[in-house]
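Residue numbers begin at 1 in each chain, while the letters A, B, ... track the order of the sequences.
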There are 2 protein chains.
Amino acid sequence: MIKVYTPATAAVGVEEVLRLLEGRWKLVILFHLFGGKVQRYSDFEKLIPGISQKMLAQQLRQLEADGIVARKLYPQVPPKVEYRLTEWGQALCPALDALLKWAEQRDGFGNPARAGRPTSGGPAA
Amino acid sequence: MIKVYTPATAAVGVEEVLRLLEGRWKLVILFHLFGGKVQRYSDFEKLIPGISQKMLAQQLRQLEADGIVARKLYPQVPPKVEYRLTEWGQALCPALDALLKWAEQRDGFGNPARAGRPTSGGPAA
DNA sequence: CAGTATCCCGCTTGATACTG
DNA sequence: CAGTATCAAGCGGGATACTG
(Lines give C-alpha, C1' and ligand atoms only; values in the text may rest on other atoms or scores of the structure.)
Protein backbone atom coordinates (compact mmCIF):
# COMPACT_ATOMS: atom_id res chain seq x y z
CA MET A 1 0.00 0.00 0.00
CA ILE A 2 1.56 3.25 -1.14
CA LYS A 3 0.41 6.44 0.44
CA VAL A 4 -0.17 9.44 -1.75
CA TYR A 5 0.33 12.90 -0.34
CA THR A 6 -0.83 16.33 -1.31
CA PRO A 7 1.23 19.28 -0.11
CA ALA A 8 -1.21 19.70 2.75
CA THR A 9 -1.36 16.06 3.88
CA ALA A 10 2.38 15.60 3.56
CA ALA A 11 2.90 18.65 5.71
CA VAL A 12 0.50 17.32 8.31
CA GLY A 13 2.28 13.98 8.25
CA VAL A 14 5.66 15.52 8.88
CA GLU A 15 4.22 17.81 11.51
CA GLU A 16 2.91 14.81 13.37
CA VAL A 17 6.36 13.30 13.30
CA LEU A 18 7.94 16.52 14.48
CA ARG A 19 5.48 16.69 17.32
CA LEU A 20 6.78 13.34 18.55
CA LEU A 21 10.33 14.67 18.46
CA GLU A 22 9.78 18.18 19.77
CA GLY A 23 10.46 18.77 23.38
CA ARG A 24 13.57 20.24 24.82
CA TRP A 25 15.14 16.88 25.76
CA LYS A 26 13.64 14.16 23.58
CA LEU A 27 16.41 13.99 21.04
CA VAL A 28 19.17 13.65 23.61
CA ILE A 29 17.21 10.92 25.30
CA LEU A 30 16.71 9.16 21.99
CA PHE A 31 20.34 9.33 21.01
CA HIS A 32 21.27 7.82 24.34
CA LEU A 33 19.10 4.84 23.45
CA PHE A 34 19.93 4.28 19.80
CA GLY A 35 21.87 1.14 19.10
CA GLY A 36 19.93 -0.94 21.55
CA LYS A 37 21.27 0.83 24.60
CA VAL A 38 19.28 0.49 27.80
CA GLN A 39 19.21 3.21 30.45
CA ARG A 40 17.78 3.66 33.88
CA TYR A 41 16.09 6.81 35.06
CA SER A 42 19.13 7.76 37.10
CA ASP A 43 21.42 7.10 34.13
CA PHE A 44 19.65 9.81 32.20
CA GLU A 45 20.08 12.22 35.07
CA LYS A 46 23.81 11.66 34.85
CA LEU A 47 23.99 11.56 31.05
CA ILE A 48 21.97 14.70 30.52
CA PRO A 49 23.31 17.61 32.55
CA GLY A 50 20.78 20.30 33.26
CA ILE A 51 17.65 18.23 32.92
CA SER A 52 15.19 18.36 35.82
CA GLN A 53 13.35 15.37 37.16
CA LYS A 54 10.10 16.86 36.03
CA MET A 55 11.24 17.24 32.46
CA LEU A 56 12.95 13.87 32.32
CA ALA A 57 9.84 12.11 33.53
CA GLN A 58 7.61 14.12 31.23
CA GLN A 59 9.63 13.54 28.09
CA LEU A 60 10.03 9.85 28.84
CA ARG A 61 6.30 9.47 29.39
CA GLN A 62 5.52 11.14 26.11
CA LEU A 63 8.02 9.04 24.20
CA GLU A 64 6.52 5.99 25.84
CA ALA A 65 2.95 7.02 25.07
CA ASP A 66 3.98 7.59 21.48
CA GLY A 67 5.38 4.09 21.21
CA ILE A 68 8.96 5.16 20.71
CA VAL A 69 10.47 4.02 23.98
CA ALA A 70 9.52 1.10 26.19
CA ARG A 71 9.54 1.26 29.95
CA LYS A 72 10.25 -1.77 32.09
CA LEU A 73 9.57 -1.62 35.80
CA TYR A 74 11.17 -4.09 38.18
CA PRO A 75 8.85 -4.26 41.20
CA GLN A 76 11.37 -4.21 43.98
CA VAL A 77 12.57 -1.88 46.71
CA PRO A 78 14.14 0.43 45.87
CA PRO A 79 12.41 0.60 42.48
CA LYS A 80 14.30 -0.07 39.27
CA VAL A 81 13.14 1.11 35.86
CA GLU A 82 14.75 0.53 32.50
CA TYR A 83 14.15 2.37 29.27
CA ARG A 84 14.89 1.06 25.81
CA LEU A 85 13.68 1.85 22.30
CA THR A 86 10.84 -0.02 20.71
CA GLU A 87 11.50 -1.59 17.33
CA TRP A 88 9.76 1.30 15.72
CA GLY A 89 11.81 3.71 17.78
CA GLN A 90 14.99 2.10 16.51
CA ALA A 91 13.74 2.52 12.98
CA LEU A 92 13.78 6.26 13.50
CA CYS A 93 17.55 6.36 13.53
CA PRO A 94 18.14 6.26 9.75
CA ALA A 95 15.55 8.98 9.23
CA LEU A 96 17.32 11.26 11.65
CA ASP A 97 20.58 10.42 9.93
CA ALA A 98 19.05 11.69 6.72
CA LEU A 99 18.37 15.01 8.41
CA LEU A 100 21.92 15.16 9.71
CA LYS A 101 23.29 14.39 6.27
CA TRP A 102 21.12 17.12 4.82
CA ALA A 103 22.47 19.61 7.32
CA GLU A 104 26.02 18.60 6.44
CA GLN A 105 25.36 19.34 2.78
CA ARG A 106 24.51 22.91 3.57
CA ASP A 107 27.71 24.55 2.50
CA GLY A 108 28.06 22.18 -0.40
CA PHE A 109 25.43 23.96 -2.46
CA GLY A 110 27.18 27.28 -2.75
CA ASN A 111 25.24 28.56 0.21
CA PRO A 112 27.08 31.64 1.43
CA ALA A 113 27.93 30.15 4.81
CA ARG A 114 24.66 31.17 6.44
CA ALA A 115 24.99 34.89 6.96
CA GLY A 116 21.47 35.29 8.24
CA ARG A 117 20.80 33.08 11.23
CA PRO A 118 23.70 31.18 12.70
CA THR A 119 22.31 27.83 13.80
CA SER A 120 24.72 27.65 16.67
CA GLY A 121 27.98 28.92 15.42
CA GLY A 122 29.31 32.36 15.24
CA PRO A 123 32.84 32.96 16.43
CA ALA A 124 33.55 30.90 19.50
CA ALA A 125 31.93 32.86 22.30
CA MET B 1 35.02 14.08 5.44
CA ILE B 2 32.81 11.97 7.64
CA LYS B 3 31.32 13.53 10.70
CA VAL B 4 31.33 11.55 13.92
CA TYR B 5 28.57 12.15 16.43
CA THR B 6 28.22 11.47 20.11
CA PRO B 7 24.69 11.15 21.48
CA ALA B 8 24.90 14.77 22.57
CA THR B 9 26.25 16.25 19.33
CA ALA B 10 23.91 14.19 17.18
CA ALA B 11 21.01 15.44 19.24
CA VAL B 12 22.17 19.03 18.84
CA GLY B 13 22.55 18.51 15.11
CA VAL B 14 19.02 17.22 14.71
CA GLU B 15 17.69 19.93 16.99
CA GLU B 16 19.24 22.53 14.73
CA VAL B 17 17.49 20.97 11.78
CA LEU B 18 14.19 20.84 13.61
CA ARG B 19 14.57 24.47 14.51
CA LEU B 20 14.65 25.29 10.80
CA LEU B 21 11.46 23.33 10.26
CA GLU B 22 9.53 24.34 13.35
CA GLY B 23 7.01 27.07 12.99
CA ARG B 24 3.34 26.63 12.56
CA TRP B 25 3.38 27.03 8.77
CA LYS B 26 6.82 26.20 7.45
CA LEU B 27 6.11 22.65 6.37
CA VAL B 28 3.02 23.53 4.39
CA ILE B 29 4.97 26.28 2.68
CA LEU B 30 7.78 23.89 1.91
CA PHE B 31 5.53 21.22 0.48
CA HIS B 32 3.98 23.81 -1.78
CA LEU B 33 7.44 24.45 -3.19
CA PHE B 34 8.86 20.94 -3.51
CA GLY B 35 9.33 19.75 -7.03
CA GLY B 36 10.58 23.06 -8.32
CA LYS B 37 7.27 24.82 -7.88
CA VAL B 38 7.35 28.60 -7.74
CA GLN B 39 4.80 30.60 -5.77
CA ARG B 40 3.96 34.22 -5.23
CA TYR B 41 3.07 35.72 -1.89
CA SER B 42 -0.57 35.85 -2.83
CA ASP B 43 -0.48 32.25 -4.02
CA PHE B 44 0.40 31.15 -0.53
CA GLU B 45 -2.46 33.13 0.91
CA LYS B 46 -4.79 31.16 -1.32
CA LEU B 47 -3.04 27.81 -0.90
CA ILE B 48 -2.86 28.00 2.88
CA PRO B 49 -6.22 28.76 4.43
CA GLY B 50 -6.03 30.31 7.85
CA ILE B 51 -2.58 31.81 7.61
CA SER B 52 -2.25 35.50 8.42
CA GLN B 53 -0.11 37.92 6.49
CA LYS B 54 2.09 38.40 9.48
CA MET B 55 2.79 34.69 9.87
CA LEU B 56 3.25 34.12 6.14
CA ALA B 57 5.80 36.88 5.90
CA GLN B 58 7.57 35.78 9.05
CA GLN B 59 7.87 32.13 8.10
CA LEU B 60 9.02 33.00 4.61
CA ARG B 61 11.67 35.36 5.96
CA GLN B 62 13.00 32.73 8.29
CA LEU B 63 13.10 30.07 5.60
CA GLU B 64 14.91 32.56 3.41
CA ALA B 65 17.38 33.55 6.12
CA ASP B 66 18.07 29.87 6.69
CA GLY B 67 18.90 29.35 3.05
CA ILE B 68 16.00 27.03 2.35
CA VAL B 69 13.90 29.26 0.12
CA ALA B 70 14.94 31.95 -2.31
CA ARG B 71 13.03 35.18 -2.77
CA LYS B 72 12.94 37.00 -6.07
CA LEU B 73 11.59 40.53 -6.21
CA TYR B 74 10.48 42.07 -9.48
CA PRO B 75 10.79 45.83 -9.03
CA GLN B 76 7.58 46.98 -10.61
CA VAL B 77 4.27 48.48 -9.62
CA PRO B 78 2.38 46.71 -8.22
CA PRO B 79 5.18 44.62 -6.70
CA LYS B 80 5.70 41.00 -7.66
CA VAL B 81 7.61 38.51 -5.56
CA GLU B 82 8.36 34.89 -6.29
CA TYR B 83 9.45 32.18 -3.90
CA ARG B 84 11.23 28.99 -4.83
CA LEU B 85 13.41 26.45 -3.02
CA THR B 86 17.16 26.72 -3.04
CA GLU B 87 19.07 23.64 -4.18
CA TRP B 88 19.69 22.79 -0.58
CA GLY B 89 16.05 23.29 0.19
CA GLN B 90 15.11 20.81 -2.55
CA ALA B 91 17.52 18.33 -1.02
CA LEU B 92 15.41 18.32 2.11
CA CYS B 93 12.60 16.48 0.36
CA PRO B 94 14.04 12.94 0.59
CA ALA B 95 14.85 13.45 4.26
CA LEU B 96 11.26 14.42 5.00
CA ASP B 97 10.13 11.42 2.98
CA ALA B 98 12.16 9.24 5.31
CA LEU B 99 10.22 10.65 8.24
CA LEU B 100 6.93 10.02 6.47
CA LYS B 101 7.97 6.46 5.68
CA TRP B 102 8.91 5.96 9.30
CA ALA B 103 5.52 7.15 10.43
CA GLU B 104 3.85 4.77 8.00
CA GLN B 105 5.72 1.83 9.51
CA ARG B 106 4.21 2.49 12.89
CA ASP B 107 1.60 -0.20 12.96
CA GLY B 108 3.90 -2.60 11.17
CA PHE B 109 5.97 -3.30 14.26
CA GLY B 110 3.27 -4.86 16.37
CA ASN B 111 2.63 -1.50 17.94
CA PRO B 112 -0.76 -1.77 19.59
CA ALA B 113 -2.33 0.85 17.36
CA ARG B 114 -1.23 3.78 19.52
CA ALA B 115 -3.50 3.65 22.53
CA GLY B 116 -1.78 6.50 24.28
CA ARG B 117 -1.66 9.58 22.15
CA PRO B 118 -3.53 9.51 18.86
CA THR B 119 -1.46 11.54 16.44
CA SER B 120 -4.54 12.49 14.53
CA GLY B 121 -6.45 9.34 14.05
CA GLY B 122 -8.87 7.57 16.22
CA PRO B 123 -12.12 6.45 14.67
CA ALA B 124 -13.41 9.04 12.27
CA ALA B 125 -14.86 11.68 14.54
C1' DC C 1 15.37 5.20 43.29
C1' DA C 2 11.98 7.16 40.54
C1' DG C 3 9.02 9.90 40.35
C1' DT C 4 4.68 13.86 41.20
C1' DA C 5 2.88 18.67 42.37
C1' DT C 6 3.08 23.96 41.99
C1' DC C 7 4.16 28.33 40.52
C1' DC C 8 6.12 31.43 37.15
C1' DC C 9 8.13 33.22 32.95
C1' DG C 10 9.25 33.75 28.01
C1' DC C 11 8.37 32.90 23.32
C1' DT C 12 5.52 31.72 19.55
C1' DT C 13 1.06 32.46 17.62
C1' DG C 14 -3.17 34.87 16.58
C1' DA C 15 -6.14 39.11 15.76
C1' DT C 16 -6.30 43.43 14.00
C1' DA C 17 -4.91 47.59 11.70
C1' DC C 18 -1.95 50.26 8.67
C1' DT C 19 1.37 51.29 4.22
C1' DG C 20 4.87 51.91 -0.05
C1' DC D 1 0.36 43.33 -4.33
C1' DA D 2 3.24 42.44 -0.59
C1' DG D 3 4.12 43.44 3.18
C1' DT D 4 4.96 45.93 8.62
C1' DA D 5 3.31 47.30 13.45
C1' DT D 6 1.14 46.44 17.84
C1' DC D 7 -1.09 43.87 21.58
C1' DA D 8 -2.73 40.00 24.02
C1' DA D 9 -3.25 34.95 24.84
C1' DG D 10 -1.64 30.01 25.24
C1' DC D 11 1.71 26.67 26.05
C1' DG D 12 6.15 24.68 26.80
C1' DG D 13 9.65 24.73 29.93
C1' DG D 14 12.49 26.02 34.36
C1' DA D 15 12.94 26.20 39.56
C1' DT D 16 11.63 24.23 43.64
C1' DA D 17 9.55 21.11 46.96
C1' DC D 18 7.42 16.79 48.26
C1' DT D 19 6.52 11.23 48.16
C1' DG D 20 5.80 5.73 47.71
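Taking a cutoff of 4.0 Å between a charged side-chain nitrogen and a carboxylate oxygen, B/Glu104 and B/Arg106 do not qualify as a salt bridge.
For the atom pair B/Trp88 CH2 and A/Asp107 CG, the distance stands at 8.5 Å (nearest 0.5 Å).
With contacts defined as side-chain heavy-atom distances shorter than 4.5 Å, the pair B/Tyr5/A/Phe31 does not qualify. Proximity of B/Val38 to B/Tyr83: side-chain heavy atoms (C-beta onward) are nowhere separated by under 4.5 Å.
Position along DNA chain C of the nearest nucleotide to A/Lys54 versus A/Tyr83 favours A/Tyr83 as the more 5'-ward residue. Positionally, the nearest nucleotide of DNA chain D for A/Gly23 lies more toward the 5' end than for the other of A/Gly23 and A/Ser52.
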Q.
Between A/Lys37 and A/Arg84, does the side-chain contact (heavy atoms from CB on, under 4.5 Å) criterion hold? Intermediate values first, please.
A. CA-CA 6 Å; A/Lys37 281 176 283 186; A/Arg84 74 191 65 241; over 6 Å; no
Q: Evaluate the side-chain contact (heavy atoms from CB on, under 4.5 Å) criterion for residues A/Lys54 and A/Gln58: first the C-alpha distance (whole Å), next the side-chain angles of each, then the deciding distance (0.1 Å), finally the verdict.
A: CA-CA 6 Å; A/Lys54 169 192 164 185; A/Gln58 181 191 102; 4.1 Å; yes
Q. Under the side-chain contact (heavy atoms from CB on, under 4.5 Å) criterion, do B/Ile29 and B/Leu56 qualify, and how do the steps go?
A. CA-CA 9 Å; B/Ile29 292 176; B/Leu56 178 54; 4.1 Å; yes
(Q) I'd like to know whether A/Leu92 forms a side-chain contact (heavy atoms from CB on, under 4.5 Å) with A/Leu21, so could you lay out the CA-CA distance, the side-chain angles of the two residues, the decisive distance to 0.1 Å, and finally the verdict. (A) CA-CA 10 Å; A/Leu92 175 59; A/Leu21 271 24; 3.8 Å; yes
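Atom C1' of nucleotide D/dG3 and atom CD of B/Glu64 are separated by 13 Å, given to the nearest angstrom. What separates CZ of B/Phe44 from P of D/dC1 is a distance of 16 Å, to the nearest Å. A straight line from CD1 of A/Ile51 to P of C/dA2 spans 14 Å, rounded to a whole angstrom. Atom-to-atom, CZ of A/Arg61 to P of C/dA2 comes out at 12 Å; the value is rounded to the nearest Å. With rounding to whole Å, B/Lys46 atom NZ is found 7 Å from D/dC1 atom P. Here the P atom of nucleotide C/dG14 and the CD1 atom of B/Ile48 are 12 Å apart, to the nearest Å. Distance A/Gln53 CD to C/dT4 C1': 10 Å, rounded to the nearest Å. Across the protein-nucleic acid pair, A/Leu63 atom CG and C/dG3 atom P stand 13 Å apart, rounded to whole Å.
A/His32 and A/Phe44 have perpendicular rings, their planes meeting at more than 60° on a 0 to 90° scale where under 30° would count as parallel.
Residues that satisfy the side chain to side chain contact (heavy atoms under 4.5 Å, CB included) test with B/Glu64, not counting sequence neighbours, are B/Arg61, B/Val69, B/Arg71.
When the local axes at the two ends of the helix from C/dC1-D/dG20 to C/dG20-D/dC1 are compared, using 5 base pairs at each end, they differ in direction by 50° after rounding to 10°.
Of the residues in residues 33-42 of chain B, B/Arg40, B/Tyr41, B/Ser42 come within less than 4.0 Å of DNA chain D through at least one heavy atom, sorted by number.
Residue contacts for B/Gln59: at a heavy-atom cut-off of 4.0 Å it reaches the sugar-phosphate backbone alone, with no base atom in range.
Taking only side-chain nitrogens and oxygens, B/Arg24 comes nearer than 4.0 Å to OP1 or OP2 of C/dG14.
Proximity note for A/Trp25 (side chain, C-beta onward) versus D/dG14, C/dG3, C/dG14: the nearest is D/dG14. Ranking C/dG14, C/dG3, C/dC1 by closeness to the A/Val81 side chain, first place goes to C/dG3. Here the side chain of B/Arg71 is nearest to one of C/dA2, D/dA2, D/dT4, namely D/dA2.
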